[in-house]
Every structure is written in structure tokens, then in C-alpha cells.
**Student:** 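My questions will all concern the structure given below.
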Amino acid sequence: MKKSRSRTNWLVTLLVAMGTIVILFPLYMTLTIAIKNPEQMRQSVFSFPADIQWDNFSRAIEMTGFFNALGNSAIVTISTVVLTLLTNSLVAYAIARNMNHKFFKGLYFYFVSAMFIPFQIIMLPVVKLTSNLGMTNLVGLILLHTVYGLAFNVFIYVAYIRSIPTALEEAAKVDGATTWGTFWRIIFPLLAPMSATVGILTCLSTYNDFLLPLIMISDQDQYTLPLVQYIFQGQFNTDFNLAFASYLMAMLPMIIIYLFAQKWIINGVTQGSVKA
């Protein structure tokens with residue numbers, strides 16, 4: 001038994017070490033390339049530079065209009081998260097408490113089925129529709145991000161809401177609370193773990209999204225961070241040093257948010273899976 005456990009521990013340790021290397025090596029490469037110049041790149045791609053090129057970051061900021069794009073990304077991300085939590089939870093609550101009705105049950109499966117439709121299939125119709133409606137701006141981007149997240153969010157919200165005892169709502173109704181008041185005063189606070197998970201995942205996906213802003217936003221002043229970073233991709237060459245410096249700066253806000261909020265993601269997913 002001791003030998004079996006020892007072998008298992010060594011195997012687990014080896015797998016963890018390999019996984020750590022796989023994750024950390026690309027980050028190391030990104031950092032070292034970001035602080036090199038092209039000549040240092042030609043000499044050695046893997047070595048840490050003796051002469052660090054800090055001006056790569058300032059040049060990347062200037063070339064991309066970094067802070068303007070960061071502001072656009074922040075507006076889109078924060079607005080999408082708030083709108084998603086307020087609307088998607090309401091939709092899920094209406095469905096979860098009326099699953100016995102054929103209409104709401106069909107509506108649930110309709111939303112869930114949207115998760116199996118690749119965005120590339122509906123991409124061109126979306127471009128045409130948003131152009132006709134005059135939604136090729138940040139407002140249209142916020143609305144579409146909210147709508148596209150509805151399928152997955154309804155799926156996990158419904159499972160969580162159905163685990164909440166209806167006795168709480170019945171007691172509130174006896175006390176004279178309306179359905180609207182019951183949701184905001186009782187149900188919505190109980191959704192805090194799941195709402196945290198939905199909010200964080202929505203934040204990460206919206207902030208990092210490239211394809212939807214690419215096909216929607218036509219005004220360069222409204223470009224988000226993933227779009228402005230595309231400037232480093234030339235027809236015949238790519239300025240990897242400035243590009244990776246820009247990537248590092250763009251990664252930093254989401255890394256900070258994830259480090260502080262990862263416990264909410266784990267707790268929310270765990271509770272949702274147990275309650276479902």
C-alpha cells in the first residue's frame with residue numbers, strides 16, 4: 001500500500017510540475033520578448049535580456065492609443081456585466097418557477113440550444129442587422145454581449161434557482177410582497193454565489209473578445225483593446241516586441257481581477273453543481 005501511494009504521489013507531482021511548466025513557459029516568453037529589441041530577438045529568443053528595453057511599453061501605448069482603448073473596454077465590460085446580472089437572472093427566475101408550463105419549458109430548451117450554434121454561422125447576418133439598426137457602436141456591442149451570454153447563464157441560473165425552496169416566496173407573498181419585490185429582496189440576494197460566477201466569466205469573455213468588436217465597430221475611436229493590438233500585425237512582418245508589451249499591459253487588469261475573484265468562481269461552480 002505504501003509503495004502504491006508513493007508511486008501515485010510521484011505521478012501527481014510530475015503531472016503538476018509539467019502543467020506548471022506548460023503554463024509558465026509562454027508567460028516567460030511573453031515577458032522576455034516584450035523587453036527586448038529586434039536585435040536581441042535575433043541573437044536569442046529564449047534568454048533573458050541584459051539590457052531591458054522599457055521604452056517598448058511607452059511606444060506600444062503611443063501606437064495603440066492604449067488608454068483610450070482601455071477606457072472603451074472598461075465601459076463595454078462593466079456595462080455588460082451589470083446588464084447581464086440584472087436581466088439574465090430575471091429571465092432564469094421566470095423560467096425556473098414556471099417549468100411546469102409548456103411555454104416556459106420550451107423557452108428554456110430554446111435558450112439552451114443556442115449554446116450549440118457557432119457564432120461564425122450567424123456572424124454575417126449580425127453584421128447586416130447591426131448596420132441597419134445603427135448599432136455599430138459601443139452600445140450595440142454591450143447589448144449583443146448581453147444577449148449572447150443569455151443561453152449559458154440561463155442554463156446555470158435555472159438549476160440554481162430551482163434548488164431554492166419556494167416556501168420563501170410563499171411566505172413573502174403572504175406578507176404582501178409582489179413577485180417583483182420577492183425577486184429583488186429575497187431571490188436575487190440568494191443568487192450571490194452564482195451571480196459572482198456569471199459576472200466574472202462574463203467580464204473575462206467580454207474584455208478578451210476580438211471577433212464581435214471586429215465585425216461591429218467601425219469608428220477607430222471606439223476600438224477596444226483586442227482591436228487596437230491588431231495594429232502590430234503587418235502584411236509582411238510583425239513587431240513582436242511592441243506587440244507583446246501591449247499584450248502584457250492588456251492582460252494585467254484581468255489577471256488582477258481573476259486573482260482576487262477566483263474563489264468566487266470555484267465556489268459558485270461547486271455550489272451550482274451540487275444544488276443542481
Side-chain angles (χ1 to χ4, degrees), residues 12-78 80-81 119-120 141 145 197 199-215 217 220-266 269:
V12 171
T13 303
L14 179 62
L15 291 176
V16 170
M18 291 175 61
T20 303
I21 293 173
V22 169
I23 294 173
L24 292 181
F25 182 71
L27 293 177
Y28 168 78
M29 290 296 299
T30 302
L31 176 62
T32 55
I33 292 174
I35 56 179
K36 289 180 180 179
N37 57 36
E39 184 178 349
Q40 291 171 329
M41 281 277 294
R42 288 190 293 268
Q43 292 175 355
S44 176
V45 179
F46 301 101
S47 63
F48 197 86
D51 184 16
I52 298 177
Q53 305 295 316
W54 295 113
D55 62 326
N56 285 349
F57 293 93
S58 59
R59 291 171 59 195
I61 291 173
E62 183 179 355
M63 288 183 64
T64 59
F66 181 84
F67 293 111
N68 178 65
L70 178 62
N72 292 335
S73 291
I75 291 172
V76 172
T77 302
I78 294 172
T80 299
V81 170
F119 176 72
Q120 289 78 4
L141 190 59
H145 273 301
T197 301
I200 294 165
L201 295 179
T202 301
C203 178
L204 293 172
S205 62
T206 303
Y207 183 85
N208 294 320
D209 185 42
F210 173 77
L211 188 57
L212 190 57
L214 177 65
I215 66 174
I217 304 299
Q220 292 188 1
D221 291 334
Q222 296 186 0
Y223 277 5
T224 57
L225 273 177
L227 285 185
V228 297
Q229 290 173 348
Y230 196 63
I231 191 175
F232 301 110
Q233 308 293 326
Q235 183 177 0
F236 301 106
N237 64 339
T238 301
D239 196 337
F240 289 105
N241 308 100
L242 300 185
F244 278 53
S246 179
Y247 298 158
L248 279 177
M249 291 186 292
M251 288 166 52
L252 188 59
M254 287 299 103
I255 291 176
I256 294 174
I257 290 175
Y258 186 79
L259 289 177
F260 282 101
Q262 59 179 332
K263 65 177 182 179
W264 289 94
I265 297 178
I266 297 172
V269 172

**Student:** Please enumerate all residues that pass side chain to side chain donor-acceptor pair (under 3.5 Å) together with Q222, with sequence neighbours excluded.
**Tutor:**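 Side chain to side chain donor-acceptor pair (under 3.5 Å) list for Q222, sorted by chain: empty.
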**Student:** So, for I215 and F119, which heavy atoms are closest and what is the spacing to 0.1 Å?
**Tutor:**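 Shortest heavy-atom separation between I215 and F119 comes out as CD1-CZ, 3.6 Å.
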**Student:** Taking T77 for its side chain and A74 for its backbone only, find out whether a donor-acceptor pair lies under 3.5 Å.
**Tutor:**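 Side chain of T77 to backbone of A74, a donor-acceptor pair under 3.5 Å: no, none is there.
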**Student:** Could you pull out the closest heavy-atom pair between K36 and Q53, with the gap in Å?
**Tutor:**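 Here K36 and Q53 meet closest at C-CG, 3.7 Å.
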**Student:** Once rounded to the nearest 0.5 Å, what's the spacing between atom CD1 of I217 and atom CG of L214?
**Tutor:**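 If I round to the nearest 0.5 Å, the distance is 10.0 Å.
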**Student:** Give the minimum heavy-atom separation between D221 and N72, together with the two atoms involved.
**Tutor:**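 The answer is O-ND2, 2.9 Å.
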**Student:** For a quick test of reading the model, state the closest non-hydrogen atom pair linking A34 to F244 and the distance between them.
**Tutor:**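 In this case the closest contact between A34 and F244 is CB-C, 3.8 Å.
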**Student:** Are the side chains of N241 and R59 in contact, using a 4.5 Å heavy-atom criterion?
**Tutor:**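 No, their side chains stay 4.5 Å or more apart.
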**Student:** CG of L242 to OH of Y247: how many Å apart, nearest 0.5 Å?
**Tutor:**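 Result: 10.5 Å between the selected atoms.
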**Student:** With rounding to the nearest 0.5 angstrom, report the CG to OG1 distance, L201 to T197.
**Tutor:**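 Here the rounded value is 6.5 Å.
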**Student:** Side chains of S246 and M63, heavy atoms from C-beta outward: is any pair under 4.5 Å?
**Tutor:**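 No, too far: nothing below the 4.5 Å cut-off.
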**Student:** What's the spacing between T64 OG1 and M249 CE if we round to 0.5 Å?
**Tutor:**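 Nearest 0.5 Å value for the OG1-CE distance: 6.0 Å.
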**Student:** What distance separates N56 CG from I61 CD1, expressed to the nearest 0.5 Å?
**Tutor:**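 That separation rounds to 11.0 Å.
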**Student:** For residues T202 and T206, report the shortest heavy-atom separation together with the two atoms involved.
**Tutor:**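 T202 and T206 have their closest heavy atoms at O-OG1, 2.7 Å.
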**Student:** Quick one, I33 with Y28, criterion side chain to side chain contact (heavy atoms under 4.5 Å, CB included). Give me CA distance, side-chain angles, the key distance, then yes/no.
**Tutor:** CA-CA 9 Å; I33 292 174; Y28 168 78; over 6 Å; no
**Student:** Report the distance from atom CZ of F66 to atom CD of Q229, rounding to the nearest 0.5 Å.
**Tutor:**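 If I round to the nearest 0.5 Å, the distance is 7.5 Å.
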**Student:** Flag the pair S205 / D209 as yes when at least one side-chain heavy-atom distance between them is below 4.5 Å, and no otherwise.
**Tutor:**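 With C-beta onward as the side chain, the pair stays apart.
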**Student:** Taking only residues two or more places apart in sequence, or in another chain, which ones meet P226 in a side-chain contact (heavy atoms from CB on, under 4.5 Å)?
**Tutor:**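 So P226 forms a side-chain contact (heavy atoms from CB on, under 4.5 Å) with S73, F210, T224.
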**Student:** Indicate the atoms forming the closest heavy-atom contact of L27 with I23, along with that distance.
**Tutor:**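 Minimum heavy-atom separation between L27 and I23: CG-O, 3.7 Å.
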**Student:** Taking the side chain as C-beta and beyond, is there a heavy-atom pair between Y207 and P253 under 4.5 Å?
**Tutor:**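 Yes, side chains in contact.
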